[in-house]
There are 2 protein chains.
Amino acid sequence: MNDNLPDTASSKKKVLVLGGGFGGVFAAKALEKLGRGKLDVELINSNNYFVFQPLLPEVAASSIHSADAVVPLRQLLRRIQVRQAEVMNIDFDKRKVIVVQGTRRIPVDLPYDELVIAFGTGVDLNRFPGLPEHALTMKNLADAHRLRTHVIGCLETADVTDEPEIKQQLLTFVVVGAGFSGVETVAEMRELVRRALKYYPNIKPDEIRFHLIEYADRILPTFSPDLAEYATRRLEIHGIEVLTRVGTKSATGTGVELTDGRFIPTSTIVATIGNGPHRLVETLGLDMHWGRIKTDQFMRVPGKDGVWALGDAALIPMIDEPKEDPLHYAPQTAQFAVREGRQLAANIVAKLNGNEMKPFAYVSKGSLASLGMSKAVADVYGVKLSGTFAWLLWRGFYLSFLPGFQAKLRVGINWLVNSVMPPNIVQIQSTPPATRYIHYRKGDKVFEPGMLIDGFYTVTKGRFKLTIDNPDAGEHFEKVFSPGEHFGERVLLRSALRTGLVVALEDGVLLFIAQKDFTRFARAFPFLDNYFKGYIERTFGGFDKSFAPGSTDSKTELETLP
Amino acid sequence: MNDNLPDTASSKKKVLVLGGGFGGVFAAKALEKLGRGKLDVELINSNNYFVFQPLLPEVAASSIHSADAVVPLRQLLRRIQVRQAEVMNIDFDKRKVIVVQGTRRIPVDLPYDELVIAFGTGVDLNRFPGLPEHALTMKNLADAHRLRTHVIGCLETADVTDEPEIKQQLLTFVVVGAGFSGVETVAEMRELVRRALKYYPNIKPDEIRFHLIEYADRILPTFSPDLAEYATRRLEIHGIEVLTRVGTKSATGTGVELTDGRFIPTSTIVATIGNGPHRLVETLGLDMHWGRIKTDQFMRVPGKDGVWALGDAALIPMIDEPKEDPLHYAPQTAQFAVREGRQLAANIVAKLNGNEMKPFAYVSKGSLASLGMSKAVADVYGVKLSGTFAWLLWRGFYLSFLPGFQAKLRVGINWLVNSVMPPNIVQIQSTPPATRYIHYRKGDKVFEPGMLIDGFYTVTKGRFKLTIDNPDAGEHFEKVFSPGEHFGERVLLRSALRTGLVVALEDGVLLFIAQKDFTRFARAFPFLDNYFKGYIERTFGGFDKSFAPGSTDSKTELETLP
């Protein structure tokens, strides 16, 4: 491992802040200000920008440009060294953080005197089979962008398809979880679809379905019941079906199964549930509870000298002897993270100066949630508001909260421009991942004759049955595939269309490998090539059958050699 | 294959337009207008938007949002059916086009009476080893976006690295080809870097290098020599090194080799050369010349009834008896494509009405090229202009040319906002492809001890030598790998860092497979798993050696099962 640049100001204490969300950014800003001349502050984040999370649903809805929901960290933190890097590990004993920068693959050691962990949370959907693979999430900018692209893609295909079942599936949108993020996301998605519809002449408004699924007995649990009731009515007026007291059981590429047994056919599942610990935080060996790092009231991590934690990643007690009650700890909101950041910075400076630190204390100023269509609900200093005025308050509040004048101006201009403009339905497509796990329910078709060949399948769970019928040649072939077995070898040939039907005999999972990547690998690796030749001989009885995938020799024609 | 929706207005003639560039869009617009009530016009494009190609360098430079260089086709063509689909094939005998829509894998047949082929061109860099894999291109919106993200990523890493060679490579930018696209791209990239530099305190302006490489004896071949000379001087004043009379020989991940033997270490190669036929056009069996579809002066494709071609994909004679001279044919510019579209539409309507068609005729109004820093060169109606006035003309011209009021307003606002704002350096990262070919020059390191493990390598060309040294255990291991052989199996284990050094013994190519995808595949496929166990035993003499990649059993711990 390389050492970092030598410290030219070695008398200064080095403070590393890990994470560029609300907590990390406000801590770094305050550290720089309070400790100027004494502290050397560096913030490390895997992206070079700060994400203004509350605006992500607006990005997903095309109301603002994706670049306007974020601010470059270097612009926000002018006097602080910003390092775009992935944190690999933390060595608490040697007081150093190990990072990997950009595409360079040599880890770099960064020593620290004080360390602030502000990683936020991750998403863990593993309790719901199929949800990690088939649901979209709303945690970062890429997610919001992906959702927007996906929704527009659904409209594009729905407008031209002649298959009614596919059309219904494409025009049904499901959002799981009805906290802030879920409610704002479903409201914004609905607004995007409504506004875009004039460009899709073959889609009728009554063909569109929105579902909001919530396990609790009502939506927006942090609001009072009457505001939640108002929000529910608004959503329902806009045609969004609000389902409470029902959970998500599992998901596939064609729908979502609820805990009440209902199956909703859909191409779009957005999961706003499943907040879990950040991937790295889990592995640090720190004392955790509810997936968060336990700290004292000063936000110090007990037992680790010079280590602090804040924000969603931290469990910060708000009273002297906290019990097993979430209300005894700081809630995971941006409002709290900002104040935690400031207090933590003050505590670090107090510690280094030998002054007294202060325990974290703050009372929430209230909550706001947008419902789309220029309506919102708000609870500010205990005053409950709803409707258009609340919505204007929501916009004004976020505009004022958005860090940086440039970002305010950009978002403000965009809001103005968009209020008089048709929605931007440009769909910037991206390549799907080369390998992915696909979940199937019993009876689902994997593919059928006449379908384009797109990849190679290996069974990782369940059983799948292949049937090939060729009445012209009087040939018939059947085979059941179990975990470790595979099908779709035809991908190695020049043939373009499937000849067989594959159906799931029970609930199962396949590993899909895209044609291009699989073919490249098989071609470069003679051992695999030979295996497939032997396999085809054994399984299909040779290359002369019309249904046999044939000789793999022809595969070299598929792609020009580099 | 499914048939499409039944034609409810069967008396109307169905016109399919393939391609949504300048030619296709203007043909479709004119067809709808001239043939209203008689024609049923449908435009098919793989993206749902029109790309305003001349603005792509501005997108790459963050001067405008990526969504502002494009216009949704449905917004541009309100009375025309737009279909976002991939054209698989054309059956000229049965007069139908076969398409695949969105993620649906069942091909759809679309019958036509008249067919307009407006596919534009593709990029073919295969003459230059390594360029297809290692160069960025500037053909579409994704390219522009990728280039911007890439340049900002280079600055991010250069700001924090302590390796001088890597820093130099990251801060050297090479653009190959000095036509419009190359000149505007290098000028805009340079402006982005210059404006962004204030956020990167560890990068000094004199560490930045820009190279513009042109095989011909001067840049901007379509301009007069004196304008080209002016442009060259402007670029050089801005620190861009203009190299003419030199070609590109090959490229790797760490640099580009020129035909004069010079090797420029760089992480950024932009290729604006290599226009070739569109992938599908090549396979249609049409009469081609210079990679373009031969048409008559009316833009009909000879021998194919009802088939027309225009734009960059077509070779349209401008005189009665054209010779082997490019000047006898319509040039491949947006200006000509727009006029071709209008004339072609008039000819189709004339043909159907039994009227006389007109041969295509048009005289260019001139050319404009932006040089960045508020300077441009222009040749309008034979009047030559350069400098700031030409640049204002350039902006005004493109603003007027941009189809749609909304797009004009958006781009105009953005230009204004950006002129007073710092550049947007938000880097929205995307996942690199799972499999890719990587070119190496003799002596290049593939990886070295201490590097992070990122994937598995198979040799497709050349020879590579692995050396593992473990002085503590007194172990030493060497092996040379030839095509079909592989290394990097350690990817299957939990270990994080390389222990060996791999060097290219001669120029060669490796197929790289990313860790995540390779591990998933090996896990799902017991046959491959067993192979690697045997291979490690045979090659390294068992699992007990410190350098052996070890047992593959531990790989199941790598990823949670779906």
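For the numbers below, each heavy atom of this structure counts, side chains included, while hydrogens, waters and symmetry mates do not. Letters A, B, ... are given to chains in the order of the sequence lines, protein chains preceding strands, and every chain is numbered from 1.
- Of the two parts of B/Arg78, only the side chain, counted from C-beta on, holds a non-hydrogen atom closer than 4.5 Å to a non-hydrogen atom of chain A.
- For B/Ala524, the parts lying under 4.5 angstrom from a heavy atom of chain A are both the backbone and the side chain.
- Among A/Leu170, A/Leu141, A/Asn140, A/Asp454, the residue with the largest count of heavy-atom pairs under 4.5 Å with chain B is A/Asp454.
- Interface remark: of the candidates A/Gln81, A/Glu156, A/Arg498, A/Glu156 forms the most heavy-atom pairs closer than 4.5 Å to chain B.
- Rounded to the nearest 0.5 Å, atoms CZ (B/Arg436) and CG (A/Asp517) are 11.0 Å apart.
- With a 4.5 angstrom heavy-atom cutoff, A/Thr458 touches chain B only via side-chain atoms.
- Panel note: side chain B/Arg520, backbone A/Thr435; a donor-acceptor pair is recorded below 3.5 Å.
- Most heavy-atom pairs under 4.5 Å with chain B, from the set A/Thr157, A/Val426, A/Ile513: that is A/Val426.
- Both the backbone and the side chain of B/Ile425 come within contact range of chain A, with heavy atoms under 4.5 Å apart.
- For the atom pair OH of A/Tyr200 and CZ of B/Arg74, the computed distance is 5.0 Å after rounding to the nearest 0.5 Å.
- Among residues two or more places apart in sequence or in another chain, the side chain to side chain donor-acceptor pair (under 3.5 Å) test is passed with A/Asp143 by A/Thr137, A/Arg146.
- For the pair B/Glu448 and A/Ile106, the tightest heavy-atom approach, listed with the atom from each and the gap, is OE2-CD1, 4.2 Å.
- Note: A/Ile166 leads A/Leu528, A/Thr431, A/Ile166 in heavy-atom pairs under 4.5 Å with chain B.
- Of the listed residues A/Val459, A/Ile428, A/Val70, the one with more heavy-atom pairs under 4.5 angstrom with chain B than any other is A/Ile428.
- For A/Ile152, the part lying near chain B is the side chain, with the backbone staying farther off; criterion is any non-hydrogen pair under 4.5 Å.
- Of the candidates B/Tyr535, B/Tyr531, B/Phe532, A/Phe527 forms a ring-ring contact (aromatic ring centres under 6.0 Å, His included) with just one, namely B/Tyr531.
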